[in-house]
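Below is one structure, written out as structure tokens, with a few remarks after it.
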There are 2 protein chains.
Amino acid sequence: MSKKRRPTLQDVANIVGVTKMTISRYLRDPQQVSSEMQKKISLAVEELGYIPNRAPDLLSNAKSHAIGILVPSLTNQVFSEVIRGIERVTEAAGYQTMFAHYGYSAELEEKRISFLLSYHIDGLILSESHHTPRTLKMIETAGIPVIEMMDVASPAIEQAVGVDNLEASYQMVSAMIAKGYQHIVYLGARLDTRTKLRQQGYEKAMREHGLSCKSMMTEAASSFSLGAELLTRTLAAHPKTDGLFCTNDDLAIGAIFEAQRMGLKIPEQIAVAGFHGHDIGQSMVPKLATVVTPREKIGQVTAQQLIARLAGEAITEAVIDLGVEIRHGESI
Amino acid sequence: MSKKRRPTLQDVANIVGVTKMTISRYLRDPQQVSSEMQKKISLAVEELGYIPNRAPDLLSNAKSHAIGILVPSLTNQVFSEVIRGIERVTEAAGYQTMFAHYGYSAELEEKRISFLLSYHIDGLILSESHHTPRTLKMIETAGIPVIEMMDVASPAIEQAVGVDNLEASYQMVSAMIAKGYQHIVYLGARLDTRTKLRQQGYEKAMREHGLSCKSMMTEAASSFSLGAELLTRTLAAHPKTDGLFCTNDDLAIGAIFEAQRMGLKIPEQIAVAGFHGHDIGQSMVPKLATVVTPREKIGQVTAQQLIARLAGEAITEAVIDLGVEIRHGESI
DNA sequence: TATTGTTATGTTACAGGTAACATTCCATAG
DNA sequence: CTATGGAATGTTACCTGTAACATAACAATA
């Protein structure tokens with residue numbers, strides 16, 4: 001009994017009694033072979049359960065029609081929505097996607113990019129503008145189009161699509177100040193690039209109004225329970241706190257739940273604002289004040305730009321800022 | 001000016017003045033070449049920014065050390081946690097992961113599997129036990145180990161790791177009935193296999209106590225706002241409802257928020273239970289009653305089993321049931 | 001009938017890393 | 001001084017699909 005081997009085009013060809021070239025043609029476009037041949041090949045392919053093999057293609061430097069997508073985290077709802085936007089476009093354009101995530105670490109990002117490039121992706125989408133030198137070198141060497149998503153402040157490579165996190169935060173905190181809150185504290189977790197930008201936006205608004213900046217930060221990953229914990233710590237450290245600007249909705253919602261447990265009235269005793277505008281913020285009581293980011297649209301526009309460039313078009317806009325919406329909700 | 005080309009081992013070899021075989025050895029295990037050669041090659045590799053190329057490897061039927069992972073949805077928090085569990089194990093074992101998602105469609109699953117197999121993955125993890133005939137054929141032909149995650153009721157291939165969704169739901173609904181709720185309605189969305197199993201568990205418990213079954217279902221994807229909507233529709237259709245068993249936490253939480261808006265007391269006027277035990281359920285007020293599934297552990301055990309089989313071990317347990325915990329919380 | 005075109009299929013060469021085997025060179029033992 | 005062994009490096013063949021070119025067979029036209 002011979003060991004089973006993955007069937008090749010040659011195996012199909014042997015059954016049909018033609019060369020593998022004919023099978024190859026059939027698989028790419030059945031019209032290219034005669035109609036009786038189509039039937040015969042179709043049967044043989046089904047019989048063997050032939051599985052396409054990309055290896056030879058990759059080897060001969062053909063286009064892979066695959067694009068690589070790097071996100072910091074899969075657990076983060078934000079990126080699942082961005083990915084949905086990307087795929088809506090890539091799917092329609094006949095491109096396949098290969099994801100990887102790097103846990104907010106530039107070193108891991110480097111590894112993942114190397115992995116994706118080793119599979120000859122045609123284009124690459126990143127979620128960060130900070131990379132290791134080796135990453136930059138690899139990308140240059142690979143010579144494929146690259147787009148950085150999410151923030152537009154300081155693109156490191158060729159093109160960026162996203163929002164201005166600093167400016168958006170500045171606007172939200174300004175709105176809170178305009179409503180009369182004076183002792184606003186910034187809640188941050190997982191100190192990545194965008195978290196820092198949001199903190200800067202917070203500080204800009206506070207300073208502009210002569211208010212003092214206070215932050216409660218941790219390197220732990222965001223979660224609802226972390227938001228609860230940060231509220232407790234904030235009130236212990238700064239009892240006069242009357243507002244929270246949180247780096248994302250999860251922290252904000254966790255803080256609101258904890259405030260409810262403590263019997264604090266929102267927003268009368270403490271105002272809370274988040275970042276992103278997830279569905280849950282609109283369902284909960286009170287409705288969450290938040291900076292609504294166009295997550296799915298970021299994905300769509302990024303994918304459209306990348307595909308245009310894969311089709312040979314030049315970059316027309318190196319930076320595409322899709323803007324945010326300040327939603328007041330009921331919590332400020 | 002010549003068009004840039006991705007550097008090959010030969011290019012590195014030319015710079016160093018040896019054959020590419022020496023470079024190949026260095027890259028896989030630097031110890032295999034002399035120490036002065038190590039330095040020279042290292043420099044040349046950096047200079048060119050050499051990127052590994054998996055194509056030749058794939059072509060010669062080498063192990064890819066990559067495993068494919070198929071999940072129905074990336075938006076679904078459940079699967080990000082399962083993936084985290086998988087990666088904790090694969091990362092340590094030196095395996096790389098390639099994800100894909102198929103939007104709960106068996107046809108799309110087939111496409112994705114074909115895609116992953118075309119890249120010569122060594123093993124495959126699925127999240128479903130229902131597949132197209134062609135999928136089954138492909139998997140058989142590929143001859144690689146496959147594990148089905150999530151539910152253990154009716155594995156279709158070789159091995160399954162997960163929980164018993166029907167039994168778990170039966171237990172939760174029984175617990176609700178034991179507390180005195182009589183008019184419990186089942187809330188379901190996106191009618192996939194597991195949702196149906198949970199409904200069956202609900203029905204088994206209700207029938208056993210001579211209570212009548214009522215369901216409020218939709219094919220839309222789960223969300224918090226959908227939970228709110230389903231509650232409204234449920235109360236309109238069945239005014240006497242005093243309990244909800246929801247197919248997941250999102251629906252349950254959305255329903256609770258809506259009940260709060262309506263001024264309904266939980267659990268006095270209406271009890272609500274969810275499924276999975278996400279972090280948010282423990283933070284919110286009231287704490288959510290839920291069936292806690294060992295999501296990360298499912299991932300870990302699945303990966304461990306797969307890697308053991310890749311190492312040549314035989315299947316010792318075709319079905320691994322990791323069990324659930326019934327958490328009463330404050331909402332029933 | 002000779003010519004041209006068209007459709008269907010065949011032939012050849014190639015992509016880049018690595019397993020398996022071969023060679024070279026030098027140190028040490030006999 | 002030769003023989004032996006081992007470390008370092010070289011040589012060859014191979015994996016599979018497809019672009020590019022070649023050929024065959026037959027229909028349509030001059």
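Please read all numbers here as calculations on a predicted model, not as lab measurements. Letters go in sequence order (proteins before strands), and every chain restarts at 1.
- With Ser60(B) contributing its side chain and Ala62(B) its backbone, the two residues share no donor-acceptor pair below 3.5 Å.
- If you check residues 8-20 of chain A against DNA chain D, the residues with a heavy atom closer than 4.0 Å are Thr8(A), Leu9(A), Lys20(A), listed by number.
- Taking atom CE of residue Met37(A) and atom P of nucleotide dA8(C), one finds them 10 Å apart after rounding to whole Å.
- Between Tyr119(B) and Tyr119(A), the ring planes lie perpendicular to each other; the angle is over 60°, past the 30° to 60° tilted range.
- Of the candidate nucleotides dA20(D), dG16(C), dT16(D), dG16(C) has the atom lying nearest to any side-chain atom of Pro56(B).
- Between the side chain of Arg88(A) and the backbone N or O of Gln300(A) there is no donor-acceptor pair closer than 3.5 Å.
- The side chain of Tyr26(B) contributes no N or O atom lying less than 4.0 Å from OP1 or OP2 of dG17(C).
- Between the side chain of Arg295(B) and the backbone N or O of Val78(B) there is no donor-acceptor pair closer than 3.5 Å.
- Without hydrogens or angle criteria, Gln38(B) side chain to Pro30(B) main chain gives a donor-acceptor distance under 3.5 Å.
- Rounding to whole angstrom units, CZ of residue Arg28(B) and C1' of dG16(C) are separated by 13 Å.
- Listed nucleotides dG17(C), dC15(D), dT9(C) differ in distance to Leu59(B); the shortest reach to its side chain belongs to dC15(D).
- Contact check, Ser60(B) against dT16(D): no side-chain N or O comes under 4.0 Å of OP1 or OP2.
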Exercise for the section: If a protein heavy atom is under 4.0 Å from the base, mark B; if only from the sugar-phosphate, S; if neither, -; do that for nucleotides 21-26 of chain D going 5' to 3'. Expected result: ------

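- Comparing Ser24(A) and Ser35(B) by the nucleotide of DNA chain D that holds the closest heavy atom to each, the one mapping nearer the 5' end is Ser35(B).
- Taking every side-chain heavy atom of Ser34(B) into account, dT9(D) is the closest of dT9(C), dT9(D), dG17(D).
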